[in-house]
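Working notes, structure below.
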Amino acid sequence: MTQDPEPHLNQVSSKKHTFSEWIEKRFPVFSTFRREYIQFPMPRNLNIWWAFGAVLCVTLLLMLATGIFLALSYTPSAEEAFASIEMIERRVPSGWLLRSLHMAGSNLFLVFLYLHLFRGLYYGSYKNPRELVWLSGLLLMLMVMMTAFAGYILPWGQMSYWAANVVIQAISSIPFIGEGLAHWLMGGSSPSDLTLHRYFVLHFAMAFFIIAVVFIHVICVHVVKSNNPKGIEPKTKEETLPFYPYYVAKDGVVIVGAIILLVLLAFFFPDLLTNSENYTPANPLETPANIAPEWYFLPFYGILQLIPYKFLGLLLSVGSIMVLFAVPWLDRSPIKSANYRPLYRIALFLLVLSFVMLGIVGKYHSHTGLIWLGRLALFYYYAHFLLILPFSARFELKRTLPTSLLDEKGHK
Ligand code: HEM
């Protein structure tokens, strides 16, 4: 009979084995992980656009990690908030780094979010059966926007104060309930200590709600599986690849690229995307010459500037996001991917152009020449969703789609 040369090793591994089995029987975390993140069948033709979901998850974790450490040294009071940010920048060990990463991270987060959303629009990822993926994504976008807005108020610089003021004024333009609602949200008649406190709690708490909704969003994706550039569902095993190692590696490369971008922005261009006005402490008695929000809110701010009636401006601005919730039902075309819809591709290009135009109006709204161009862009923005999406399929030529993801015909 041969003797086991290393009986102690066997003992350890069998102990480990039984422990994982013990857990697995009560809470099947290992088999779920294996099924959902190792063997999970992904369409084999996914391109770089499908990596931004993973990039968003990593950026979200970075925001959470840096945010928690910043919160340790931040004071949410109108008297001390500005000084506490100065202290973080100058005296807290690595405070400048944390803040720089948090600020660069927030900008990149919104870049990736817009790219992720655009991918959905281009490849028709909102269509049956992925409506809930789309809706949960939009809920995430609203939550992220609220969090970003609340975060911008926290340094209590000039732009923080006046941005809060603009939003409060827009809210108070709502007939009947506006004034009361604005007063209630602010805890007073103008942005104050109480407002800052509320925004801090909102900013901090919302981050965790976002994580919860990301779980729901990703579960929705896993139930219906990913769409792909061809927009047809894989029917055989050969048309798919397991998530590990193929997409772990592919997403990993894009994540490394995103980190390089983040580091470049945080270390070399920390002020590229911020408004220098916010390095002046909030002064309720002095309105800045040009109040403008962060770049990612510019199109919505632009809409507010285009319409002389405040409440109508607010409706159209909020409506420009709300209309996205109806997209799965507005788009009547049976074809998902824009690769096979040349007319829709042009329409989508014009949509992006009009969104950028609205952003330009938001930034340079005092130039009167832009107002009519802006109104044209606003008209197109709504026409895209309310006219082009429902009716464009009637004007599109019939196309034969590939029948399989292995089909090279029409491969893109
Ligand atoms: C915090 C923000 C978000 C995170 C962390 C996130 C995360 C993810 C992840 C990990 C995936 C799977 C991988 C991929 O397909 O890229 C995904 C898919 C998807 N997301 Fe998001 N997402 C976010 C926001 C949004 C938004 C704003 C929308 C658009 C309204 C959206 C719509 C979708 C759609 C339609 C899919 C399925 C795509 C397909 O299968 O083609 N997501 N998301």
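Side-chain atoms are counted along with the backbone in the values below, which use heavy atoms only and exclude waters and symmetry mates. Atoms within each ligand, like the ligands themselves, are counted from 1 in listed order. On a predicted model such as this, the values are computed, not experimentally measured, just so you know.
With no hydrogens or angles considered, no side-chain donor-acceptor pair links Asn165 and Ser190 at under 3.5 Å. Checked by atom type, the side-chain pair Tyr344/Asp331 shows no donor-acceptor distance below 3.5 Å.
Minimum-distance N/O/S atom of His116 relative to atom 21 (Fe) of ligand 1: NE2.
Distances from atom 23 (C) of ligand 1 to the heavy atoms of Leu135, Leu140, Leu117, Asn227 put Leu140 nearest. For atom 22 (N) of ligand 1, the candidate residues are Lys336, His217, Lys225; the nearest heavy-atom contact is made by His217. Atom 11 (C) of ligand 1 has its nearest heavy-atom neighbour, among Ala51, Cys57, Pro43, Gly53, in Gly53.
Enclosure of atom CG in Leu397 is not indicated, since only 12 or fewer non-hydrogen atoms of other residues, nucleotides or ligands lie within 6.0 angstrom.
Contact annotation: the side chain of His203 never approaches that of Pro76 to less than 4.5 Å [non-hydrogen atoms, C-beta and beyond].
Heavy-atom contacts of Ser226 reach the following atoms of ligand 1: 40 (O) (cutoff under 4.0 Å). Atom numbering of ligand 1 starts at 1 in the shown order; those under 4.0 Å from a heavy atom of Met141 are 27 (C). Those atoms of ligand 1 that come under 4.0 Å of a heavy atom in Leu56, given as number and element, are 3 (C), 4 (C), 5 (C), 23 (C). Set against the non-hydrogen atoms of Phe109, the atoms of ligand 1 under 4.0 Å away are 1 (C).
In this structure, the protein non-hydrogen atom closest to atom 36 (C) of ligand 1 is Val133 CG1, 3.3 Å. Protein heavy atom nearest atom 14 (C) of ligand 1, with residue, atom name and distance: Trp50 O, 3.5 Å. Among all non-hydrogen protein atoms, the one lying nearest atom 28 (C) of ligand 1 is Gly137 CA, 3.6 Å. The protein atom (non-hydrogen) at minimum distance from atom 12 (C) of ligand 1 is Val221 CG1, 4.2 Å. With hydrogens left out, the protein atom closest to atom 2 (C) of ligand 1 is Leu113 CD1, 3.5 Å, a heavy atom. Scanning all protein heavy atoms for the shortest distance to atom 41 (O) of ligand 1 gives Ser125 OG, 2.7 Å.
Electrostatic pairing of Arg332 and Glu396 does not count as a salt bridge here, judged by no charged N lying under 4.0 Å from a carboxylate O.
The shortest heavy-atom distance from Arg119 to ligand 1 is under 4.0 Å. Taking 4.0 Å as the cut-off, Tyr126 does not count as a neighbour of ligand 1 on heavy-atom distance.
By the criterion of a heavy-atom distance under 4.0 Å, neither the backbone nor the side chain of Leu324 is placed next to ligand 1. When non-hydrogen atoms are compared, ligand 1 lies under 4.0 Å from neither the backbone nor the side chain of Tyr122. Contacts between Val214 and ligand 1, counted as non-hydrogen atom pairs separated by less than 4.0 Å, involve the side chain only. Counting heavy atoms under 4.0 Å from ligand 1, residue Leu138 touches it through both backbone and side chain.
The ring of Phe200 has its center closer than 6.0 angstrom to the ring center of Tyr74.
Under the 30°/60° scheme for interplanar angles, the aromatic rings of Tyr37 and His222 are found to be tilted. By the 30° and 60° cut-offs, the orientation of the rings of Trp96 relative to Phe267 is tilted. Note on ring orientation: taking the six-membered ring where Trp is involved, the planes of Phe112 and Phe52 are parallel (angle under 30°, cut-offs 30° and 60°). Using cut-offs of 30° and 60° on the angle between ring planes, the pair Trp156 and Tyr161 is perpendicular. By the 30° and 60° cut-offs, the orientation of the rings of Trp49 relative to Phe118 is tilted.
With Phe355 as the fixed residue, the ring pair (Phe, Tyr, Trp, His ring centres under 6.0 Å) test singles out one of Tyr380, Tyr296, Tyr114: Tyr114.
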